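Data block below; observations after.
Here is how names work: the chains are called A, B, and so on, in the same order as the sequence lines, proteins then strands, and each is numbered from 1. The structure presented is a predicted model; accordingly, all values stated were derived computationally and were not measured.
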Number of protein chains: 2
Amino acid sequence: MKVTIRDVAKEAGVSPSTVSRVLSNNERISQETKQKVKEAIKKLNFKPNAIARSLANNKTHILGIILPNEIENTFANPFFIQVMQGISLYATQHHYYLMYAVAKDKKDELKYVKDFTLNGRVDGIVILKAESQDHTIELLKEMNFPFVVIGHPEDTDTTLWVDNDNESATYQVVDELIKSGHKHIGFIGAKIDWVVSKDRLEGYKKALRDNQIVYDEALVYHGTGFDERTGEEGAKVLLSKKELTAILTTDDLIAVGVNLYCNENGKDGKVLIGFNNTVIGQYQNPPISSIDIQAVKLGWYASKLLINQLEGKEQKNKHYIVETEWIKRK
Amino acid sequence: MKVTIRDVAKEAGVSPSTVSRVLSNNERISQETKQKVKEAIKKLNFKPNAIARSLANNKTHILGIILPNEIENTFANPFFIQVMQGISLYATQHHYYLMYAVAKDKKDELKYVKDFTLNGRVDGIVILKAESQDHTIELLKEMNFPFVVIGHPEDTDTTLWVDNDNESATYQVVDELIKSGHKHIGFIGAKIDWVVSKDRLEGYKKALRDNQIVYDEALVYHGTGFDERTGEEGAKVLLSKKELTAILTTDDLIAVGVNLYCNENGKDGKVLIGFNNTVIGQYQNPPISSIDIQAVKLGWYASKLLINQLEGKEQKNKHYIVETEWIKRK
DNA sequence: CTGAAAGCGCTTACAG
DNA sequence: CTGAAAGCGCTTACAG
């Protein structure tokens with residue numbers, strides 16, 4: 001039923017080896033036989049079996065993407081699908097395929113990584129969030145299995161990664177806010193375990209310091225995730241202690257939560273800034289300013305780094321910093 | 001380096017065939033040898049190679065998901081990632097894996113479907129959007145390749161599919177609006193080529209008819225996608241012709257666009273309804289009512305239908321209707 | 001430039 | 001209950 005390389009060989013009057021060589025574009029094949037084989041391939045509508053190739057080559061040409069544990073809260077956030085799109089953009093152009101798995105928690109994540117790698121399902125892994133002391137990353141390194149991290153792993157030298165410069169992004173915002181007169185600027189972030197949270201807080205601190213403003217813990221709140229609840233909770237906690245004129249949050253959804261709390265409690269008129277430049281921030285009332293992290297590009301570069309490594313290409317850059325863009329609104 | 005079934009066989013003092021039988025839980029293996037083999041597997045930390053298994057079995061245990069062409073506009077919409085999560089939920093429980101591809105347009109979609117199927121990369125395909133006269137679906141049927149459609153294909157008998165009852169969802173809303181006094185209800189939808197658009201319009205029409213209201217084309221606008229632009233455009237067009245007290249749209253993002261236009265042009269105070277129950281609608285000012293289509297469930301059932309078919313299970317239901325829920329706000 | 005043979009790591013019908 | 005052998009559909013080192 002299924003047409004194989006043998007059928008093509010018979011049709012073209014050559015050996016299977018020759019057909020295989022034509023398929024892989026081997027140069028030591030005469031134009032003439034190449035032609036014959038190509039015609040036979042066309043005539044029989046032959047498509048090489050990807051699985052058999054993988055087995056013979058010991059390469060799947062598949063990348064495995066692990067969507068991280070906290071995703072459920074965050075599924076409203078277009079970050080993940082945009083990253084997946086970016087990964088896909090580069091990968092398909094270079095004839096790589098993509099598998100994904102949704103991990104319920106960190107343990108689940110490890111399970112999938114083991115499954116994907118040890119059973120030979122994929123050639124490389126894309127990790128979508130780095131924690132400090134990340135067990136998944138440790139395992140992958142130990143196994144010496146190719147992977148790339150979107151985010152900022154602790155070990156920045158040997159690991160492939162792509163990230164924004166989150167520290168300088170928040171630095172820039174806070175610095176500008178201070179220079180335009182704001183004295184009490186709040187910070188509301190997600191889990192402080194996440195490297196991304198730490199980086200963003202660091203820029204906030206540094207900007208204060210460089211402007212001779214004393215860092216005040218009472219203006220900072222660490223929530224659980226990139227969600228509205230964190231925003232509402234954070235606003236409630238911070239605003240009960242201090243008067244703030246601006247609040248920097250680490251996600252548009254958090255900013256939306258803050259906005260909600262402020263509107264409901266007559267605390268409006270504050271400058272609010274989020275991250276990710278989502279539609280939801282854009283259509284808030286008032287619209288929320290946001291730092292665009294360019295998730296598609298993050299995915300694209302991650303894909304590029306990993307695939308280059310898999311193809312054994314020399315690459316000077318073991319990581320990329322994707323520019324952020326502060327979209328000011330109102 | 002890599003430990004294979006032969007190493008395990010040697011370690012356990014049996015043949016590779018026996019190891020294979022233990023792996024596949026063949027019943028005709030004595031408890032004793034089963035024990036020996038299991039110990040050897042553990043000792044050597046053996047993991048069977050998925051690719052080799054696939055080749056021998058002629059089954060990949062992989063499902064291919066084609067994310068449709070119009071997705072770029074719609075990436076803000078959590079629908080796709082939720083569906084992917086739902087598919088994953090059922091699939092991983094049943095030891096299936098997932099590949100995805102992002103299709104730029106219909107032609108691209110066909111290309112991926114051909115690639116996935118003809119090269120033997122996947123056992124089944126999930127299509128995320130049905131058009132009328134859908135070439136992808138036609139091809140899959142012609143090839144007799146297992147697939148499931150999320151949405152409502154034209155051929156509802158032989159094809160596996162999962163959908164909401166979009167017609168009755170809009171019927172219910174419009175009927176209730178009329179009964180509570182609304183006489184001029186607008187309808188703003190995405191491309192009318194899409195089956196989902198047709199179904200939603202159909203429910204609107206039927207509710208009018210059942211309430212002895214004449215259908216007026218001037219109250220209906222068909223845009224290009226599930227996006228704000230369609231909403232803004234639609235609002236502009238419809239509201240220049242008629243006074244409307246309520247507008248039913250086929251997506252929260254469309255409703256957001258309508259809201260924007262209304263707020264900016266002093267046309268506020270209208271009852272606005274969207275689809276998908278997204279965070280963005282929820283945090284609009286005023287919040288937008290929405291019909292929750294339960295995208296995770298749509299994915300879950302699609303996965304279930306397809307996998308059951310692949311496993312050769314008898315199934316009476318060749319399709320599922322996932323309940324919608326009208327989330328009323330304000 | 002081309003072919004025969006062995007191999008990738010499994011599975012399974014056949015034989016015992 | 002278990003093993004030897006052939007096979008899944010490719011690739012590639014070896015020989016010519």
- Report the residues that fulfil side-chain contact (heavy atoms from CB on, under 4.5 Å) with A/T33, sequence neighbours left out, ordered by chain and then residue number. A/V14, A/I29, A/S30, A/K36
- Note on the structure: Here the salt bridge (charged side-chain N to carboxylate O under 4.0 Å, His left out) pairs for residues 113-122 of chain A, sequence neighbours left out, are A/D115-A/R121
- At a 4.0 Å cut-off to heavy atoms of chain A, the contacted part of DNA chain C spans C/dC1 to C/dG9
- Using atom C1' of each nucleotide, how far apart are C/dG16 and C/dT12 to the nearest Å? 16 Å
- Message: Holding to side-chain contact (heavy atoms from CB on, under 4.5 Å), I want the full list of residues that pass it with B/N308, two or more places apart in sequence or in another chain.
- Response: B/Y90, B/K304, B/K313, B/Q315
- Determine the interatomic distance between P on C/dC10 and the same-named atom on C/dC14; round to the nearest Å. 24 Å
- Message: Please compare A/S17 and A/N58 by the position of their nearest nucleotide in DNA chain C and report the one closer to 5'.
- Response: A/S17
- Query: Going by atom types only, do B/Q294 and B/Y301 share a side-chain donor-acceptor pair under 3.5 Å?
  - Reply: no
- Strictly under 6.0 Å, is that where the ring centroids of B/Y96 and B/H61 end up? yes
- Message: If you count every heavy atom of other residues, nucleotides or ligands that lies below 6.0 Å from B/H94 atom NE2, does the total exceed 12?
- Response: yes
- Message: The criterion is side-chain contact (heavy atoms from CB on, under 4.5 Å); which residues satisfy it with A/A56, sequence neighbours excluded?
- Response: none
- Query: Is there a donor-acceptor pair under 3.5 Å between the side chain of B/N164 and the backbone N or O of B/I293?
  - Reply: yes
- In a check of side-chain contact (heavy atoms from CB on, under 4.5 Å) between B/F147 and each of B/T159, B/V126, B/L139, which one passes? B/T159
- Query: Do any of residues 115-122 of chain B sit with a heavy atom less than 4.0 Å from DNA chain D, and if so which?
  - Reply: none
- Query: When rounded to the nearest 0.5 angstrom, what is the spacing between OG1 in A/T92 and CG in A/L98?
  - Reply: 7.5 Å
- Item | Watson-Crick or G-U pairs under 3.5 Å in DNA chain C, rendered as dot-bracket with [ ] for crossing pairs and | for another strand | |||.||||||||.|||
- With DNA chain D as reference, determine whether B/T33 or A/I51 sits nearer its 5' end, using the nearest nucleotide of each. B/T33
- Mind running side chain to side chain contact (heavy atoms under 4.5 Å, CB included) on B/L63 and B/M99 for me, showing each step along the way? CA-CA 6 Å; B/L63 268 32; B/M99 279 184 51; over 6 Å; no
- Message: Just to be sure I understand the rule, does B/S30 reach a base, reach only the sugar-phosphate, or reach nothing, if contact means heavy atoms closer than 4.0 Å?
- Response: sugar-phosphate
- Item | Set of ring pair (Phe, Tyr, Trp, His ring centres under 6.0 Å) partners for A/F116, sequence neighbours left out | none
- With a 4.0 Å cut-off on heavy atoms, is A/L55 in touch with a base, just the backbone sugar-phosphate, or nothing at all? base
- Sequence neighbours left out, what passes ring pair (Phe, Tyr, Trp, His ring centres under 6.0 Å) with B/Y100? Give chain and number order. none
- Message: Near DNA chain C, counting only heavy atoms under 4.0 Å, which residues of residues 4-14 of chain B show up?
- Response: B/T4, B/I5
- Query: Residues from residues 35-49 of chain B sitting under 4.0 Å of DNA chain D, heavy atoms only?
  - Reply: none
- Note on the structure: Quick note, side-chain hydrogen bond (donor to acceptor under 3.5 Å, both in side chains) partners involving residues 39-53 of chain B, not counting sequence neighbours, are B/E11-B/K43
- Please report the C-alpha distance between A/K10 and A/D7 in whole Å, then the side-chain angles of each, then the deciding distance to 0.1 Å, and finally whether the salt bridge (Lys or Arg N to Asp or Glu O under 4.0 Å) criterion is met. CA-CA 5 Å; A/K10 206 169 288 172; A/D7 303 317; 5.4 Å; no
- Message: Whether the side chain of A/N317 engages the backbone of A/Y320 through a donor-acceptor N/O pair (distance < 3.5 Å, no angle test) should be reported.
- Response: no
